[in-house]
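Numbers here are sequence positions counted from 1. None of these values were measured; they are calculated from a predicted model.
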Amino acid sequence: MLFLACLYGDILKIDTTGASEVTAKLDKLTIKGVEASKKLAEIDLVRVEKYKSMITKVARAKQMDPAVIAAIISRESRAGAILKDGWCNKGYCFGLMQVDKRYHSLTGTWDSELHIIQATEILISFIKEIKVKFPNWTQEQCFKGGISAYNAGLKNIQTYERIDVATTGGDYSNDVVARAQWFKSKGY
């Protein structure tokens with residue numbers, strides 16, 4: 001089993017409710033919660049595996065949990081399956097981890113190591129900003145808050161109890177955490 005030190009907390013110690021019904025229904029799943037997140041990650045595993053060496057390399061360099069990178073790739077682009085020439089359907093977000101061109105200058109091709117580096121750095125910056133905004137939160141709460149902010153922006157994170165209220169599907173960090181916990185069980 002691959003082990004990399006993560007500076008930002010232990011993904012296995014983060015509480016999660018998993019995917020909302022809204023997210024689960026996108027794949028016509030009749031389940032929701034952690035079980036739906038696991039199923040969604042499992043569906044994406046073959047595609048995510050193509051990027052495992054890049055994910056591992058970036059994770060090691062940035063001291064980020066590779067399971068979290070894999071989970072964001074799964075959630076954001078279904079490991080590339082829902083992209084058209086590397087872009088989301090509205091044309092704002094680019095790549096496996098869906099970097100928004102309205103807020104960032106894009107680097108690399110949609111499925112490149114440079115793209116994964118940039119997106120991981122964006123995630124890390126949100127985790128650090130959450131630590132400043134919520135100095136009394138635990139390390140794992142800040143980790144989850146940074147994941148939520150990756151989707152909804154820093155200003156939309158107001159309380160831990162309502163961490164996903166402004167995220168896509170109302171479940172972004174909970175779904176990503178549950179997927180990451182599943183990817184961890186698969187050697188990420």
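By the 4.5 Å heavy-atom criterion applied to side chains, Met54 and Ile117 are not counted as neighbours. No side-chain heavy atom of Met64 sits less than 4.5 Å from a side-chain heavy atom of Leu7. Between Lys184 and Ile11, some side-chain heavy-atom pair lies under the 4.5 Å cut-off. Side-chain atoms of Ile55 and Ile73, non-hydrogen and from C-beta on, do get closer than 4.5 Å to each other.
For the ring pair (Phe, Tyr, Trp, His ring centres under 6.0 Å) with Trp87, the qualifying choice from Tyr92, Phe94, Trp110 is Phe94, the only one to do so. The side-chain contact (heavy atoms from CB on, under 4.5 Å) test with Asn174 singles out one residue from Ile147, Thr23, Thr16, and that residue is Thr16.
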Legend entry - Test side-chain hydrogen bond (donor to acceptor under 3.5 Å, both in side chains) applied to Asn151 and Thr168, step by step: CA-CA 7 Å; Asn151 177 260; Thr168 306; 3.3 Å; yes
Inset, instruction - Run the numbers on Thr109 and Asp111 for side chain to side chain contact (heavy atoms under 4.5 Å, CB included), then give the verdict. - result: CA-CA 6 Å; Thr109 59; Asp111 60 351; 3.4 Å; yes
Inset, instruction - Determine, step by step, whether Glu140 and Asp10 satisfy the side chain to side chain contact (heavy atoms under 4.5 Å, CB included) criterion, reporting the C-alpha distance in whole Å, the side-chain angles of both residues, the deciding distance to 0.1 Å, and the verdict. - result: CA-CA 7 Å; Glu140 279 72 25; Asp10 183 346; 3.7 Å; yes
Inset, instruction - Check the pair Arg75, Asp171 against salt bridge (Lys or Arg N to Asp or Glu O under 4.0 Å), reporting the backbone distance first and the verdict last. - result: CA-CA 11 Å; Arg75 168 68 187 231; Asp171 68 346; 2.9 Å; yes
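Trp182 and Ile43 are members of different hydrophobic clusters when ILVMFWY side chains are connected at heavy-atom separations under 4.5 Å. Using a 4.5 Å cut-off between side-chain heavy atoms of Ile, Leu, Val, Met, Phe, Trp and Tyr, with links allowed through other members, Ile163 and Val34 fall into different hydrophobic clusters. One hydrophobic cluster, built from ILVMFWY side chains closer than 4.5 Å, holds both Phe143 and Leu12.
Ion pairing between Asp15 and Lys144 holds under the 4.0 Å rule for side-chain N and carboxylate O. Residues Lys25 and Glu21 are paired through a salt bridge, judged by an N-O separation under 4.0 Å between the basic side chain and the carboxylate.
Distance alone, capped at 3.5 Å, places no donor-acceptor pair between the Ser173 side chain and the Ser148 backbone. Checking side-chain atoms of Thr56 against main-chain N and O of Lys52 turns up a donor-acceptor pair under 3.5 Å. Judged purely by atom type and a 3.5 angstrom limit, His115 uses its side chain to pair as donor or acceptor with the backbone of Met97. Gln98 places no side-chain N or O within donor-acceptor distance of the main-chain N or O of Ser77, the cut-off being under 3.5 Å. Under a 3.5 Å cut-off, the side chain of Gln118 and the backbone N or O of Ser105 do form a donor-acceptor pair.
Tyr160 meets the ring-ring contact (aromatic ring centres under 6.0 Å, His included) test with Trp137; sequence neighbours excluded. Residues passing the salt bridge (charged side-chain N to carboxylate O under 4.0 Å, His left out) test with Glu113, sequence neighbours excluded: Lys57. Remark: Asp44 engages Arg47, Arg78, Arg179 in a salt bridge (charged side-chain N to carboxylate O under 4.0 Å, His left out) (not counting sequence neighbours). When the salt bridge (charged side-chain N to carboxylate O under 4.0 Å, His left out) test is applied to Lys38, the partners found at least two apart in sequence or on another chain are Glu35. The side chain to side chain contact (heavy atoms under 4.5 Å, CB included) search around Gln139 returns none, not counting sequence neighbours. For Tyr172, the ring-ring contact (aromatic ring centres under 6.0 Å, His included) test picks out no residue, with sequence neighbours left out. Every residue two or more places apart in sequence or in another chain that forms a ring-ring contact (aromatic ring centres under 6.0 Å, His included) with Phe183 is listed here: Tyr188. Remark: Lys32 pairs with no residue by the salt bridge (charged side-chain N to carboxylate O under 4.0 Å, His left out) rule, at least two apart or across chains.
Atom CD of Gln181 and atom OG of Ser37 lie 9.0 Å apart (nearest 0.5 Å).
Closest of all the heavy-atom pairs between Gly169 and Ser20 is O-OG, 2.9 Å. Between Ala70 and Val48 the shortest heavy-atom distance is CB-CG1, 3.9 Å. Heavy atoms only, all atoms of each residue included: Gly95 and Leu83 are closest at O-CD1, 3.6 Å. Nearest heavy atom pair, residue Ala19 against residue Ala36, reads CB-CB, 4.0 Å.
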Output a table of donor-acceptor pairs, distance under 3.5 Å, between side-chain atoms of residues 123-134 and any protein atom two or more places apart or on a different chain; print 'none' if there are none.
from   : atom 1 : to     : atom 2 : distance (Å)
Ser125 : OG     : Ile122 : O      : 2.7
Lys133 : NZ     : Leu154 : O      : 3.0
Lys133 : NZ     : Ile157 : O      : 2.7

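In the hydrophobic clustering, Leu40 connects to Leu29, Ile31, either directly or through intervening members, whenever side-chain heavy atoms lie under 4.5 Å apart.
A ring-ring contact (aromatic ring centres under 6.0 Å, His included) check over residues 10-37, counting only residues at least two apart or in different chains, returns nothing. The list of ring-ring contact (aromatic ring centres under 6.0 Å, His included) pairs with a residue in residues 8-60, not counting sequence neighbours, is empty.
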